[in-house]
Amino acid sequence: MKLADKKCHDGDGVPPLKALRARELLKELGQGWTLNGKGHLERRYTFKDFAQALAFVKEVGAVAEAEGHHPDLYLAWGKCKVEIWSHKVTGLTESDFILAAKAEQKFKPFRAPA
């Protein structure tokens, strides 16, 4: 099952992922996602203008609310940074990667046609 097809869990009783498993899941997310200096998932998206960046933030926000798992979203003109980690475990869980995959799906309509 693809990450984007899974549901986030609340993190209670879930240990942080081991580094090897986090790297495996990072590969599944594809291009653009990194582990930042804090060990959080991070991706920077670019858009043609502020309106598109804001629309993307709203889309990701709606998914986050539905999943009960909330990223930090940084909005600026033509760009958005998404930062995800599980606050309850002070680390990464599979839910972080699931939410990242769902954010990727929301970005697809904003990509320029090939």
message: If we check side-chain contact (heavy atoms from CB on, under 4.5 Å) with I84, which of these qualifies: D96, I98, D72?
response: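 Filter result, single survivor: D96.
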
- request: Go through the steps for E28 and K2 under the test salt bridge (charged side-chain N to carboxylate O under 4.0 Å, His left out), then give the verdict.
  value: CA-CA 9 Å; E28 285 187 46; K2 292 180 182 179; over 6 Å; no

- prompt: Think R44 forms a cation-pi with Y74, using NZ or CZ under 6.0 Å from the six-ring centre and within 45 degrees of its axis?
  reply: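 No, a cation-pi geometry is absent between R44 and Y74.
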
Contact check, side chains of [X] and [Y], non-hydrogen atoms, under 4.5 Å:
X: L92; Y: L35; value: yes
X: V60; Y: P71; value: yes
X: F97; Y: L29; value: yes
X: H87; Y: H70; value: no
X: L25; Y: R21; value: yes

For [Y], does its backbone N or O pair with a side-chain atom of [X] as donor and acceptor, under 3.5 Å?
X: E83; Y: E42; value: no
X: S95; Y: H9; value: yes
X: K79; Y: Y45; value: no

field: From CA spacing to verdict: side-chain contact (heavy atoms from CB on, under 4.5 Å), L75, F50
entry: CA-CA 9 Å; L75 172 65; F50 184 81; 3.8 Å; yes

query: Would you call the rings of F56 and F110 parallel, tilted or perpendicular, where under 30° means parallel and over 60° means perpendicular?
result: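 Perpendicular: the ring planes of F56 and F110 meet at over 60°.
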
message: Hydrophobic clustering (ILVMFWY, side-chain heavy atoms < 4.5 Å, transitive) - are W77 and F107 grouped together?
response: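 Yes: a chain of side-chain contacts under 4.5 Å links F107 to W77.
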
